[in-house]
**Student:** 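Okay, here's the structure, questions in a sec.
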There are 2 protein chains.
Amino acid sequence: MVRTARFSTEHFIDAAIALVAAGGPGAATMQAVARHVGAPTGSIYHRFESRSAIFAAAWNQSYDTLVGALAPLLLAGRPREAALALLPWASEDRDRARFLLLHEPVSLFEDAPPPEPLRQEMERLESGMDQAFRACIARTGDGAIREEDLARAKFLIFDAPIAILRPHLLAGSAFPPFVGQMIAELHAGVPIARTGRGADDTQAA
Amino acid sequence: MVRTARFSTEHFIDAAIALVAAGGPGAATMQAVARHVGAPTGSIYHRFESRSAIFAAAWNQSYDTLVGALAPLLLAGRPREAALALLPWASEDRDRARFLLLHEPVSLFEDAPPPEPLRQEMERLESGMDQAFRACIARTGDGAIREEDLARAKFLIFDAPIAILRPHLLAGSAFPPFVGQMIAELHAGVPIARTGRGADDTQAA
DNA sequence: TTCATTCTAGAATATGCATTCTAGAATGAA
DNA sequence: TTCATTCTAGAATGCATATTCTAGAATGAA
């Protein structure tokens, strides 16, 4: 090759994740990212075509680890274990968890949309997670998938556990033992699929 | 008084809420707020000393309606009804719900902190909500309040129902009937207080 | 060696936007 | 009427920051 690079894409991505985790998307300016890495601002543009591109790459890398932690358990038909797997995943890298779970993607990309290949990768990852959820409830249910059942599963396995973790992510404090208990209790008390057990008690119209 | 004003604080607050609801905090620039109202940008500064001040005023106004909807039920020891009250509250004004529930306050105030009186009002409102939660679990429990019990209550009554509503707020679609059922089922399956009695919570007795 | 390539380094540019400023108009009180 | 006050109206200012540009250095191939 030619001249050896001092700053890699990984360096910039890690810096962006750390800065967003610490101070929100607005804190991750190009100058801040460069300063965090010790590089001149211009060097970032040898790796990423825009600020959106860094965020998209960071998001993809982070979300990919999340899919890696949850999807196998979902595909194996183990929703409770998938929900509980969020805990070690979030403990493993707090910056990554804060980056991914504490900010709506819209606030990362409101200036400009990410470049096309990265956007497609985002869609691919989200679609993969969606497929895993569908596979999971197809196992426990009767095969047909209603939107309601998918929404239930996503809530019980993903959104609710995250809501349990969020206060501690926001505070930057360690997860107390009861967060795992709450997730377990949630899954003990509320069935993933309404069909299959005698749990239908709530009715409106 | 003197010259009659054409543009009121309410106009600017409503515009800010609508713009944040539609495009996130970054979309609510001072020029955008002014344009939305039909006022010159300078006129905003006769009502608010800064952009943070508009956001803080909008947040306080919105959160106040939320406290008004939930606190009485919490103080009356009706956690399940409080959780269900989020549904009509969010349906009543979608922009307000999106403004308040879809964005971390940190992203509203990352440029500058809100002016002191507004910041104090924010604290007062949040503290009021906190007190209502404490009062609620003090009723159902044995009087002593552990942090764990408070976290459970906030999750079951507030964060979990919001997590159920969020996908539909994000999509801008109407709430399907099953969201209310999911909230009810959650409260039927998971008790607010681990100590105390069996699962039955509200004044059904 | 020479050269194209791919970097570092950091200055320069351009743009968007919060905030301030200037000018003048409406209003009620004295 | 005159005047202080509180607005409208919108231009001007200044700053932060994303992006581009200039200059030069390292590297491997020819």
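Order of the sequence lines sets the chain letters (A, B, ...), proteins ahead of strands, with each chain counted from 1. No experiment lies behind these values; they were computed from the predicted model shown.
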**Student:** Nearest 0.5 Å please: distance from the CG atom of Leu100(B) over to the OG1 atom of Thr65(B).
**Tutor:** 7.0 Å
**Student:** List in numerical order all residues of residues 13-20 of chain A for which some heavy atom is under 4.0 Å away from an atom belonging to DNA chain D.
**Tutor:** none
**Student:** Taking salt bridge (charged side-chain N to carboxylate O under 4.0 Å, His left out) as the cut-off, I'd like each qualifying pair that reaches into residues 153-167 of chain A, sequence neighbours left out, listed once.
**Tutor:**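 Only Asp130(A)-Lys154(A), Arg166(A)-Glu104(B) qualify under salt bridge (charged side-chain N to carboxylate O under 4.0 Å, His left out).
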**Student:** Starting from C1' on dA23(C), measure out to NE2 on His46(B) and report it in whole angstrom.
**Tutor:**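 Nearest whole value for this atom pair: 12 Å.
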**Student:** Please name the pair of heavy atoms, one in Pro161(B) and one in Leu86(B), separated by the smallest distance, quoted to 0.1 Å.
**Tutor:**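 Closest pair (atom of Pro161(B), atom of Leu86(B), distance): CB-CD1, 3.6 Å.
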**Student:** What nitrogen or oxygen pairs link the protein and nucleotides 17-21 of chain D at under 3.5 Å?
**Tutor:**
from: dA18(D); atom 1: OP2; to: Met30(A); atom 2: N; distance (Å): 2.6
from: dA18(D); atom 1: N7; to: Gln31(A); atom 2: NE2; distance (Å): 3.1
from: dT19(D); atom 1: OP2; to: Tyr45(A); atom 2: OH; distance (Å): 2.9
from: dT19(D); atom 1: OP2; to: Arg51(A); atom 2: N; distance (Å): 3.0
from: dT19(D); atom 1: O5'; to: Tyr45(A); atom 2: OH; distance (Å): 3.4

**Student:** Identify whether the distance between the nearest side-chain nitrogen and carboxylate oxygen of Glu148(A) and Arg152(A) falls below 4.0 Å.
**Tutor:**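 Between Arg152(A) and Glu148(A) there is no salt bridge, as every charged N stays at least 4.0 Å from the carboxylate O atoms.
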**Student:** Measure from CD on Glu110(B) to P on dA18(C) and round the result to the nearest Å.
**Tutor:**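 These atoms are roughly 13 Å apart.
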**Student:** Are any side-chain N or O atoms of Thr41(B) and backbone N or O atoms of Met30(B), one a donor and one an acceptor, separated by less than 3.5 Å?
**Tutor:** no
**Student:** Nearest whole angstrom, please: distance from the P of dG10(D) to the CD1 of Ile44(B).
**Tutor:**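 After rounding, the reported distance stands at 14 Å.
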**Student:** Restricting to non-hydrogen atoms, name the atom on Leu125(A) and the atom on Asn60(A) that form the minimum distance, rounded to 0.1 Å.
**Tutor:** CD1-O, 3.6 Å
**Student:** List the atom pairs, with distances to 0.1 Å, where a side-chain N or O of residues 8-23 of chain B and a protein N or O form a donor-acceptor pair under 3.5 Å, not counting sequence neighbours.
**Tutor:**
from: Ser8(B); atom 1: OG; to: Glu10(B); atom 2: N; distance (Å): 3.4
from: Ser8(B); atom 1: OG; to: His11(B); atom 2: N; distance (Å): 3.2
from: Glu10(B); atom 1: OE1; to: Gln61(B); atom 2: NE2; distance (Å): 3.1
from: Glu10(B); atom 1: OE2; to: Gln61(B); atom 2: NE2; distance (Å): 3.0

**Student:** Can you tell me how far CG of Leu73(B) sits from CD of Glu81(B), rounded to the nearest 0.5 angstrom?
**Tutor:** 6.5 Å
**Student:** Think Arg47(A) has a side-chain N or O under 4.0 angstrom from the OP1 or OP2 of dT6(C)?
**Tutor:**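 Negative; the distance criterion is not met.
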**Student:** Under 3.5 Å, side chain of Arg94(B) to main-chain N/O of Ser173(B), donor-acceptor pair present?
**Tutor:** yes
**Student:** Any donor-acceptor pair under 3.5 Å linking the side chain of His187(A) with the backbone of Leu156(A)?
**Tutor:** yes
**Student:** Distance check needed: dT27(D) P versus Arg6(A) CZ, whole Å only.
**Tutor:** 12 Å
**Student:** Sequence neighbours left out, what pairs pass salt bridge (charged side-chain N to carboxylate O under 4.0 Å, His left out) with at least one residue falling in residues 33-55 of chain B?
**Tutor:** Arg51(B)-Asp111(B)
**Student:** Can you give the dot-bracket line for DNA chain C, where a pair is Watson-Crick or G-U wobble with both atom distances under 3.5 Å, crossing pairs use [ ], and | marks a partner on another strand?
**Tutor:** ||||||||||||||||||||||||||||||
